[in-house]
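Structure first, then comments.
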Protein chains: 2
Amino acid sequence: MEALAALADPTRREIVALLAGGEVAAGELAAHFPVSRPAVSRHLRVLREAGLVRVRAEGQRRLYVLDPRPLSDLDAWLAPYRWLWAQRLDALDTEIARGRRARPTGEDR
Amino acid sequence: MEALAALADPTRREIVALLAGGEVAAGELAAHFPVSRPAVSRHLRVLREAGLVRVRAEGQRRLYVLDPRPLSDLDAWLAPYRWLWAQRLDALDTEIARGRRARPTGEDR
DNA sequence: CAGTTACGTAAGCTCTTTGTTACACATCCT
DNA sequence: AGGATGTGTAACAAAGAGCTTACGTAACTG
């Protein structure tokens, strides 16, 4: 579940989203973000070490591809919890609807 | 997706797992971990702020419950990627191994 | 072959995170 | 009332994450 730490960062999640369409070069990815290119390079390294992406050199460019396996693992990790929102969600909502505010922090309505 | 940051920590994931069975008191949770009780208290705070758990006071103890909604959100976030490992896993591996490009993303040259 | 292009790495800084010990309360039990 | 029990918060040290600038290097270009 090292992938979770990698995906905790919003920039990295966006990189993953960009890669969902197919191979993208490092520089092209970097162009999508307000941070410096080395910063993106570092994010790519984290994603690489988490197994979420792979690189392929084409000339002087590095083409990144998404490797779905860690996402699949995450999906598997999530599996045992699925029944919770299949049944319990309504129960919680009902409780809230009755005015039993369990959450102290103001929430949207 | 603040839940991802909360779930990035292994201790917190284990807490979530422990809570999958139902309500558990803070002290009982803390007993499962090698870290100090205040440390666990802090983890619980992070989980609370991420909306993953709720607390209920019963006498002097605080009973924690899992709130599945952020997990459901995570499941929803994961959804667009599911087709990747449903069909493409093997294909991607093969493609990468052969060094072919999966999909030209508006590159010039 | 020299210059440009595309990347990654190194060094350094700052803000967070995680853990610890010490402390403050509220609640339960004689 | 007074002590034990169960928890959260405060203060602080250590480690980590993320960003920036500067630099090194391989590959195209002319």
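Every chain is numbered from 1 and lettered A, B, ... according to where its sequence line falls, protein lines coming before strand lines. Worth knowing before you read on, the calculation uses all heavy atoms, side chains too, and leaves out hydrogens, waters and symmetry mates.
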### Query
Mind checking whether L7(A) and V16(A) have side chains closer than 4.5 Å, heavy atoms only?
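Yes, side chains in contact.
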### Query
Is there a side-chain contact between L29(B) and H43(B), using heavy atoms and a 4.5 Å cut-off?
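No, every pair of side-chain atoms sits at 4.5 Å or beyond.
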Once you round it to whole Å, what is the distance between [atom2] of [N] and [atom1] of [X]?
X	N	atom1	atom2	result
L63(A)	dG8(C)	CG	C1'	15 Å
R62(B)	dA26(C)	CZ	C1'	9 Å
E14(A)	dG18(D)	CD	P	15 Å
L7(A)	dA17(D)	CG	P	15 Å
E58(B)	dG8(D)	CD	P	14 Å
E49(A)	dG18(D)	CD	P	12 Å
L47(B)	dT17(C)	CG	C1'	14 Å
R48(B)	dG8(D)	CZ	P	6 Å

#### Entry: Phosphate OP1/OP2 of dG6(D): any Y64(B) side-chain N/O under 4.0 Å
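No, because none of the side-chain N or O atoms of Y64(B) sits under 4.0 Å from OP1 or OP2 of dG6(D).
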### Task
Please confirm whether any donor atom in the side chain of Q60(A) sits under 3.5 Å from an acceptor in the base of dT5(C), or the reverse.
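Yes, the side chain and the base share a sub-3.5 Å donor-acceptor pair.
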### Task
Measure centre to centre between the rings of Y81(B) and W85(B), then say whether the value is under 6.0 Å.
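No, ring centres 6.0 Å or more apart.
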### Task
List in numerical order all residues of residues 31-46 of chain B for which some heavy atom is under 4.0 Å away from an atom belonging to DNA chain D.
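Under 4.0 Å from DNA chain D: R37(B), P38(B), S41(B).
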### Task
Salt-bridge test for E58(A) and R61(A): reply yes if a basic N is under 4.0 Å from a carboxylate O, no otherwise.
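Salt bridge: yes.
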### Task
Give a yes or no on this: more than 12 heavy atoms of other residues, nucleotides or ligands lie within 6.0 Å of atom CZ of R42(A).
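Open.
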### side-chain hydrogen bond (donor to acceptor under 3.5 Å, both in side chains) assessment of Y64(B) paired with R56(B)
CA-CA 6 Å; Y64(B) 282 81; R56(B) 177 168 75 84; over 6 Å; no
### Message
So which atom in D67(A) and which in G51(A) form the shortest heavy-atom distance, rounded to 0.1 Å?
### Response
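Closest approach of D67(A) to G51(A): CB-O, 3.4 Å.
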### Task
May I ask you to say what A25(B) touches in the nucleic acid, namely base, sugar-phosphate or nothing, with a heavy-atom cut-off under 4.0 Å?
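Sugar-phosphate contact only.
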